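Note that this is a predicted model, so its numbers are computed, not measured.
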Amino acid sequence: MVTEVEAHGAICGKCLPARYTLAILGSIGMAIIYGLKVNLSVAMIAMLNHTAISNHDVNPSYSIHNNFTEDIEKCQPPDGDANNKAILLEDGPFDWSGPLQGTLLSCYFWGYLISQIPGARVAENFSAKWVMLTAVAINVFCTILTPIFTKIHYVGLIFMRVLEGIGGGATFPAMHCMIAAWSPPNERSVMSTIIYVGTSFGTAVSILMAGFLSDHFGWESIFYVMGGLSCIWMILWIIFVQDNPSEQSFISIEEREMINASLGSKEGHPPTPWKKVLTSIPFWAILIAHCCSNWGWYMFLIEIPFYMKHVLAFNVTSNAMASAMPYIPLLVFSTLLGKTLDTLKAEQKITTTTARKISTAISSVVPTICLLTLSYIGCQHTLAVATMTIGIISMGAMFSGFLSNHIDIAPAFAGTLVALTNTVATLPGIIVPIFVGFITKGNQTFAAWRIIFFVTIILFFIEFLVYVIFGSGEEQSWNKKNQTSDSENTPLRNKGNYS
């Protein structure tokens, strides 16, 4: 039984309830994790000795240099990029070959794959708050130490990145546990969206901030400044966040009673019903949707910038701006969508199942249309950027779609479920760069990229079809005790019991 502490009121009174203090700090925490995850991609441009590397035979998909003459034959630089050919990159200290660059960028996922399920079990059985804090702390300290270890040997950088991946892998399970303990059912979409949209916001801010720091203060400053600023979050998290409303002192009595009444009591934590989880059709619908969506997400996040550079002939500055541009509108769109769906559920106009399917449909159908458009518009730069921007923004709907669905079907095991699906869905992050590199090796053409886009379109179609048919927002029987049926909009009672 959780010991209840005295409630002293939320830190900003009625303006910012305690549950939304958690959501905002959770979002910033996810932004830190993703920002520190992608900053190496920008820093590496300044870290590499491009003169030496230009003599290596590297895969065009990973090379900083490419055959610009070939690009000119496909597309002229867009307006304002007339001096594209003249842009030169200053040499850094490291002579890393193309394959080694790929290893350094991907080794983060080695740690990410192995830590999710252990992180989920610790978060569910002990403390999600401290799992999240530990995950961020690992990333912060490894980031600050990265310049030192990198200068010793590139193996030191690999070691730091694997440790960061281990920390990063525990964040989604920890945050799912926090959401399950704090969000009333009719606010689950908007709270999940606020928290997880931080991943996109952190990516955008990191790209822009890392570019600025690298240009003005050197590549080491990227790691020192971004890691140092993140320490502030850790202090705020320790002070203002607790695992559940009953342990939180910065909360009003009314808010605590409302949350606890909507979620029901929790008596300990039951053993995970692995067989029932792995034979659950709604769980498999989430897993398939998560994998297919991640393939598309990594395609937009990682590979579309290569398309813009190699095929559409954008220069480095224009590419960075265009790549970062969609993420602020994505934050606004996904938050408004989550709030709208929660409002409709509260008014009993739609069910949780319908809300999740609407969001997942948006995050799969709209990017499909965008990729189809991108496959045939050729060198229309403005239209290409607009199309890619719309595609990325629409994918923000996944935060109130399948990505929140684990908590609906089994709130007692939400951390474990998201750990399972996110572990499998991490594989596209490793496969996508290899696949794109294979298709485009010596062949940076519209035809090659059309093949890549159509493979992604097929996976988006599979995501849409499987989830719309088999997805569910109902709490599953294996999460409950002595209940044979339950309405999707009924408060989650006895969620800690298992039969």
For this session: Could you check Ser189 against Arg356 for side-chain hydrogen bond (donor to acceptor under 3.5 Å, both in side chains), going step by step and ending with a plain yes or no?
Result: CA-CA 9 Å; Ser189 294; Arg356 300 293 178 244; 2.6 Å; yes

Problem set entry | Derivation of the side-chain hydrogen bond (donor to acceptor under 3.5 Å, both in side chains) call for Ser400 and Ser359 | CA-CA 6 Å; Ser400 53; Ser359 294; 3.1 Å; yes

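Around OH of Tyr298, the count of heavy atoms belonging to other residues, nucleotides or ligands within 6.0 Å exceeds 12. Dense packing is recorded around CH2 of Trp110, with more than 12 heavy atoms of other residues, nucleotides or ligands lying under 6.0 Å away. Heavy atoms from other residues, nucleotides or ligands lying under 6.0 Å from CZ of Phe435 number more than 12. Heavy-atom neighbours of Phe333 CZ from other residues, nucleotides or ligands within 6.0 Å: above the threshold of 12. Within 6.0 Å of OH in Tyr154 there are 12 or fewer heavy atoms belonging to other residues, nucleotides or ligands.
The only member of Arg121, His406, Gln116 that meets side chain to side chain donor-acceptor pair (under 3.5 Å) when paired with Thr416 is Arg121.
Listed here is the closest heavy atom pair of Lys129 and Met178: N-SD, 3.8 Å. Nearest heavy atoms, Met175 versus Gly26: CE-CA, 3.9 Å. Heavy atoms only, all atoms of each residue included: Gly338 and Thr193 are closest at CA-OG1, 4.2 Å.
Inter-residue side-chain proximity for Phe399 and Ile195 is flagged as unmet; no heavy-atom pair is nearer than 4.5 Å. Put simply, the side chain of Glu463 reaches to within 4.5 Å of the side chain of Ser363, judged on heavy atoms. Proximity of Trp233 to Leu236: side-chain heavy atoms (C-beta onward) are nowhere separated by under 4.5 Å. Counting only heavy atoms from C-beta outward, the side chains of Pro326 and Met388 never approach each other to under 4.5 Å. The shortest side-chain heavy-atom distance between Thr456 and Trp295 falls under the 4.5 Å cut-off. With contacts defined as side-chain heavy-atom distances shorter than 4.5 Å, the pair Phe126/Val131 does not qualify. The shortest side-chain heavy-atom distance between Cys379 and Phe446 falls under the 4.5 Å cut-off. Side-chain contact between Thr21 and Val241 is absent, with no heavy-atom pair separated by less than 4.5 Å.
Between Tyr196 and His176, the ring-plane angle classifies as tilted under the 30° and 60° cut-offs. Between Phe109 and Tyr112, the two ring planes are perpendicular [angle over 60°; tilted spans 30° to 60°]. Using bins of under 30°, 30° to 60° and over 60° for the plane-to-plane angle, the ring pair Phe300/Phe460 lands in the tilted bin. In this pair, Phe94 and Trp219 present their aromatic rings perpendicular. The plane angle is above 60°, beyond the 30 to 60° band.
Distance check, rounded to the nearest 0.5 Å: CD1 of Ile179 to CD1 of Ile407 gives 4.5 Å. If you take OG1 on Thr134 and CG on Asn139, they are separated by 11.5 Å, rounding to the nearest 0.5 Å.
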